[in-house]
Amino acid sequence: MPEGHTIHRIARQFSANFVGRRASVTSPQGRFAVGAAELDGQQMTDARAVGKHLLLQFGGDWLHVHLGIYGAWDFSGEIRSDASLYLVGGKASEHTAAGADGENEDSLHSIGAPRKSRVRMGERETGAALTTWPPEPVGQVRARILTETTLADLRGPTVCEVIDDDGVTALIQRLGPDPLAPFETHAQAQRRFVDRLRRSRQPVGQLLMDQSVVAGIGNIYRAEMLFRARMSPHRPGAKVTVEEAESLWRDWVRLLKIGVETGLMLTMSGLRGKAKQDAIDNREDRHWVYKREGLPCRVCGTAVSLETMQQRKLYWCPSCQQ
DNA sequence: CGGTCATGCGGAG
DNA sequence: TCCGCCTGACCGG
């Protein structure tokens, strides 16, 4: 159940451990047998994330994967997965050191030499010692990508298909800006988001979840961003000022960066000491409003509201967010 | 151990 | 507007 930060982490895993290598591609489960055969034996030439979409290039073919609500990748073998892999920009944010061992606690702390390891990404990242190589598929493995030393198993995706360059172009075209996708300048991306948001009369809570407005935000980041902005999810996009919209964009850039670097959706930045550690250790201490319905708002004490918007749960503080 | 629910989408109708 | 996906965390008995 990943939001955009997870897909960027997965893309970085592929970049570090699969790109430039010839791969065997199969579908142990069988449902992707035809597509797998098209890719089998080719070299992986690129790996990138756009919003919640993963794109793995094999020459002129692209493997397009969307994890949906419970898809996940299992990585195993000689996987390099140290914190530096996830640095956005070159300089670690203040959150990296403290948060880097959150969900991927047993995955490889081997900063330096690669070692046998197993990393789960998507739901969470865990590790376990390997005994045989390659390991038997566990459960329904839709796609298996195997190099001489590394393995990635895909399970439960919503989308797993082979597309061509035109398909990639079409996909990118229907998606809103992603701060970490290099298809436009930062200024262009921000302008695209601001214009699209303010041109709509739909509620901003709905617009932030709309992947054609901004790619990568999901239900948790949506709720948390609106609280951080003290903005009601029901405010029409057209009633959001330019300054407010730009501020929302900048906040998303910041949260996404923290998410990629730490693997955690740390939305209460600025915490120190015990509160900060609690946010890293326990999900229930991690958010302002998400999954806190009925509990007192951390700022004003008003009970956090829960309602349904577009079939998704929306959490917000009716007092703080206007 | 069974039931519920979830960080989400595509497609049927 | 609802269903499928068919995993895995969590919770109550």
Side-chain angles (χ1 to χ4, degrees), chain A residues 1-10 27-32 35 49-55 64-75 99 102-105 118-128 137-144 152-163 167 170-171 174-176 178 205-227 233 252 255-256 258-260 262-268 279 281-293 306 308-316:
Chain A
M1 297 171 276
E3 298 193 19
H5 67 300
T6 305
I7 314 306
H8 280 285
R9 285 174 68 90
I10 292 168
S27 179
Q29 171 208 53
R31 288 191 46 194
F32 183 58
V50 190
K52 300 169 190 167
H53 298 257
L54 178 71
L55 291 165
H64 171 214
V65 172
H66 194 295
L67 295 179
I69 202 163
Y70 48 63
W73 284 97
D74 277 357
F75 290 99
E103 282 176 341
N104 53 341
E105 42 208 7
R118 183 183 169 110
V119 188
R120 180 78 191 262
M121 296 185 79
E123 288 271 316
R124 64 147 75 168
E125 302 161 26
T126 56
V138 176
Q140 300 283 307
V141 176
R142 183 80 64 88
R144 163 167 278 204
D153 278 344
L154 171 65
R155 324 205 331 221
T158 289
V159 174
C160 176
E161 60 177 2
V162 177
I163 59 178
L171 171 68
R174 74 176 168 85
L175 292 174
D178 173 340
Q206 194 174 311
L207 290 166
L208 291 183
M209 290 277 284
D210 184 338
Q211 301 300 299
S212 72
V213 175
V214 48
I217 295 178
N219 204 22
I220 297 179
Y221 280 132
R222 177 263 298 266
E224 295 292 292
M225 283 177 61
L226 288 170
F227 181 86
W252 170 230
L255 290 181
L256 178 61
I258 293 168
V260 171
T262 65
L264 301 171
M265 303 178 86
L266 297 175
T267 56
M268 296 199 292
D281 294 340
N282 315 304
R283 305 183 68 123
E284 59 269 28
D285 294 332
R286 198 171 291 169
H287 304 302
W288 289 109
V289 291
Y290 180 73
K291 264 188 179 164
R292 283 180 53 78
E293 72 275 22
L306 170 60
T308 300
M309 182 180 273
Q310 304 277 124
Q311 283 86 246
R312 302 300 300 276
K313 288 185 173 180
L314 168 65
Y315 304 84
W316 63 296

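Everything numeric in this text was worked out from a predicted model, so none of it was measured. Chain letters run A, B, ... following the sequence lines, proteins first and then strands; every chain starts at 1.
- By the 4.5 Å heavy-atom criterion applied to side chains, I10(A) and V65(A) are not counted as neighbours.
- Applying the side chain to side chain donor-acceptor pair (under 3.5 Å) test to Q29(A) and every residue at least two apart in sequence or in another chain returns Q140(A), R142(A).
- One can place NZ of K52(A) at 14 Å from C1' of dG10(B), the figure rounded to the nearest angstrom.
- Rounded to whole Å, atom C1' of dT7(B) lies 12 Å from atom CZ of R286(A).
- Between L264(A) atom CG and dT7(B) atom C1' the separation is 13 Å, expressed in whole Å.
- Remark: R222(A) is not in phosphate contact with dG8(B), judged by side-chain N or O atoms under 4.0 Å from OP1 or OP2.
- Shown here are the side chain to side chain donor-acceptor pair (under 3.5 Å) partners of E161(A), two or more places apart in sequence or in another chain: H64(A).
- Residue Y221(A) contributes atom OH, which lies 16 Å from atom C1' of dG8(B) at whole-angstrom precision.
- Look at CZ on R312(A): it is 17 Å from P on dC3(C), rounded to the nearest Å.
- Summarising the geometry of L207(A) relative to V213(A), their closest heavy-atom pair is O-CB, 3.4 Å, with the distance given to 0.1 Å.
- Remark: Q206(A) engages Q202(A), P203(A), M309(A), Q310(A) in a side chain to side chain contact (heavy atoms under 4.5 Å, CB included) (not counting sequence neighbours).
- Nucleotides dG8(C) and dG10(B) place their C1' atoms 22 Å apart, quoted to the nearest Å.
- At least one side-chain nitrogen or oxygen of K313(A) sits closer than 4.0 Å to the OP1 or OP2 atom of dA6(B).
- Using a 4.0 Å cut-off, some side-chain N or O of Y290(A) falls inside it from OP1 or OP2 of dT7(B).
- Going from atom CD1 of I7(A) over to atom C1' of dT7(B) covers 10 Å, rounded to whole Å.
- Looking only at atom types and distance, the side chain of H287(A) has a donor-acceptor partner in the side chain of T267(A) under 3.5 Å away.
- The CZ atom of R9(A) sits 6.5 Å away from the OG1 atom of T262(A) when rounded to the nearest 0.5 Å.
- Scanning residues 210-218 of chain A for heavy-atom distances under 4.0 Å to DNA chain B yields Q211(A), G218(A).
- A straight line from CE of M265(A) to C1' of dG8(B) spans 13 Å, rounded to a whole angstrom.
- Judged as a salt bridge (charged side-chain N to carboxylate O under 4.0 Å, His left out), not a single pair has a partner in residues 211-227 of chain A (not counting sequence neighbours).
- Scanning for side chain to side chain contact (heavy atoms under 4.5 Å, CB included) contacts around V141(A) gives P28(A), P137(A), R144(A), D153(A), R155(A), with sequence neighbours left out.
- Across dC5(B) and dC3(C), the matching C1' atoms stand 16 Å from one another, rounded to whole Å.
- Between V138(A) and D74(A) the shortest side-chain heavy-atom distance does not fall below 4.5 Å.
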Pull out every protein N or O sitting under 3.5 Å from an N or O of nucleotides 4-6 of chain C, one pair per line with the distance.
| from | atom 1 | to | atom 2 | distance (Å) |
| --- | --- | --- | --- | --- |
| dC5(C) | N1 | Y70(A) | OH | 3.0 |
| dC6(C) | OP1 | R31(A) | NH1 | 2.9 |
| dC6(C) | OP1 | R142(A) | NH2 | 2.7 |
| dC6(C) | OP2 | R31(A) | NH1 | 2.5 |
| dC6(C) | O4' | Y70(A) | OH | 3.3 |
| dC6(C) | O2 | Y70(A) | OH | 3.3 |

Output one line per pair: protein atom, nucleotide atom from nucleotides 11-13 of chain B, and distance, for all N/O pairs under 3.5 Å.
none

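- Partners of Y221(A) according to the ring pair (Phe, Tyr, Trp, His ring centres under 6.0 Å) rule, which considers only residues two or more places apart in sequence or in another chain, are H5(A), W252(A).
- Taking atom CG of residue L314(A) and atom P of nucleotide dA6(B), one finds them 13 Å apart after rounding to whole Å.
- With rounding to the nearest 0.5 Å, the separation of CD1 in I7(A) from CH2 in W73(A) is 10.5 Å.
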